[in-house]
Amino acid sequence: MAVRHLYIARHGAADAFGELTSAGQRQANLLGERLARLPINTVWHSPLPRAADTALTIARHVASAPLIKARELIDHVPWVPPNDEMPSTMRGFFDGFGRDDAAEGHRIATTLIEKFAAAPAAGDDTHEVLITHDYPIAWLLRHALETPPIRWFGISSANAALTVIEFRPEHAATLVMFNDMSHLPVELRWTGFPPRIRP
């Protein structure tokens, strides 16, 4: 039974212009060192510079794997709850989100699942790296756990943290790990989160 292993990570820490900071470059390099131990087949990445640069750094550690841009991995809001189902605590976040924007975001989210959240058709195991953004990771995780669409909201990933999901034919997805930062020193952990006490 062939298994599709997805190694999913948020890009390294970036500045207000979307470029990797020195901390983000270090995070990407350390993530690449960790992934170099694995038989990576492909490194996929969002087209946005912070993700593309993170993927490029990782690809230097797994030189045999092609580096491929995937529009499905772009930063987007994957699902907006209907107004009559939206908790009041969410209204401020979605304020100003038009119907067309919501539809386009959900269309991207649907293609994200179609492209990446499936078992291999046949053959050998695959090992693929996905360098993306906070919201697509939340959507992939929500899908793997088969939870309602609204559950993507509030799931957050730190910069360069590793999430691993496995897909097998005719089986539920397996969440192997989420938001693992063990490859990062303490000062590089929890970036991309609001400032608060972290374990």
Side-chain angles (χ1 to χ4, degrees), residues 2-14 18-21 23-76 78 108-109 111-121 123-145 152 155-168 173-185 188-189 191-192:
V3 180
R4 186 177 198 177
H5 305 264
L6 292 187
Y7 305 95
I8 310 165
R10 186 179 178 186
H11 57 80
E19 303 292 334
L20 290 184
T21 62
Q25 291 167 352
R26 287 179 60 206
Q27 290 169 327
N29 192 58
L30 290 165
L31 179 58
E33 288 178 2
R34 180 174 183 176
L35 294 170
R37 305 174 205 156
L38 302 168
I40 302 300
N41 302 109
T42 311
V43 178
W44 301 91
H45 66 87
S46 156
L48 297 179
R50 58 192 183 272
D53 290 346
T54 300
L56 183 61
T57 299
I58 289 167
R60 293 186 185 115
H61 294 276
V62 289
S64 61
L67 185 64
I68 304 175
K69 179 169 59 177
R71 186 177 185 281
E72 297 86 355
L73 295 172
I74 199 162
D75 200 5
H76 68 280
I108 296 169
T111 60
L112 172 71
I113 296 303
E114 290 170 353
K115 184 164 186 168
F116 294 110
D124 298 328
D125 289 4
T126 62
H127 297 262
E128 300 163 77
V129 175
L130 275 57
I131 303 301
T132 184
H133 308 272
D134 198 19
Y135 299 161
I137 296 171
W139 189 252
L140 284 162
L141 182 62
R142 178 222 64 82
H143 175 80
L145 296 175
W152 79 269
I155 298 173
S156 295
S157 295
N159 294 120
L162 187 60
T163 292
V164 181
I165 304 174
E166 296 175 347
F167 296 94
R168 294 168 174 79
T174 302
L175 176 62
V176 178
M177 67 176 65
F178 170 66
N179 211 33
D180 186 271
M181 292 173 265
S182 59
H183 52 287
L184 302 175
L188 294 180
R189 296 179 186 176
T191 67

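In this text, all values refer to a predicted model and were calculated from it rather than measured experimentally.
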Okay, side chain of [X], backbone of [Y]: is any donor-acceptor separation there less than 3.5 Å?
| X | Y | result |
| --- | --- | --- |
| Asp75 | Tyr135 | no |
| Thr21 | Ala13 | yes |
| Thr57 | Asn29 | no |
| Arg10 | Gly192 | yes |
| Thr163 | Asn179 | yes |
| Arg50 | His11 | no |

Would you say [X] and [Y] make side-chain contact, with heavy atoms under 4.5 Å?
| X | Y | answer |
| --- | --- | --- |
| Arg168 | Thr174 | yes |
| Leu73 | Ile131 | no |
| Val129 | Val62 | no |
| His143 | Leu140 | no |
| Asp180 | Arg34 | yes |

Output all residues satisfying side-chain contact (heavy atoms from CB on, under 4.5 Å) with Arg26, sequence neighbours left out; order by chain, then residue number.
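Arg26 satisfies side-chain contact (heavy atoms from CB on, under 4.5 Å) with Pro185, Glu187, Leu188 once adjacent residues are dropped.
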More than 12 heavy atoms of other residues, nucleotides or ligands under 6.0 Å from NZ of Lys115: is that the case?
yes
Sequence neighbours excluded, the answer for ring-ring contact (aromatic ring centres under 6.0 Å, His included) partners of His5 is His127
Quick one: list whatever passes salt bridge (Lys or Arg N to Asp or Glu O under 4.0 Å) with Asp125, sequence neighbours left out.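 Scan of Asp125 (salt bridge (Lys or Arg N to Asp or Glu O under 4.0 Å), adjacent residues dropped) gives none.
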Taken to the nearest 0.5 Å, the spacing of Leu162 CG from Met177 CE works out to 5.5 Å
Distance col, row Leu141:CG vs Phe178:CZ, nearest 0.5 angstrom, shows 5.5 Å
Problem - Candidate pair Glu72 and Thr132, rule side chain to side chain contact (heavy atoms under 4.5 Å, CB included), full reasoning - result: CA-CA 9 Å; Glu72 297 86 355; Thr132 184; over 6 Å; no
Please find the pair of heavy atoms, one from Pro47 and one from Ala70, that lie closest to each other, and give the distance.
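Result for this residue pair: CD-O, 3.6 Å.
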**Item:** side chain to side chain donor-acceptor pair (under 3.5 Å) involving Ser64 - partner list, sequence neighbours excluded
**Value:**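 Per chain and number, Ser64 pairs via side chain to side chain donor-acceptor pair (under 3.5 Å) with no residue.
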Contacts of Arg4 meeting side chain to side chain donor-acceptor pair (under 3.5 Å) (sequence neighbours excluded), chain-then-number -> Glu128
Quick note, ring-ring contact (aromatic ring centres under 6.0 Å, His included) partners involving residues 32-55, not counting sequence neighbours, are Trp44-Phe116
Distance-only donor-acceptor check, side chains Thr191 and Asn159, under 3.5 Å:
yes
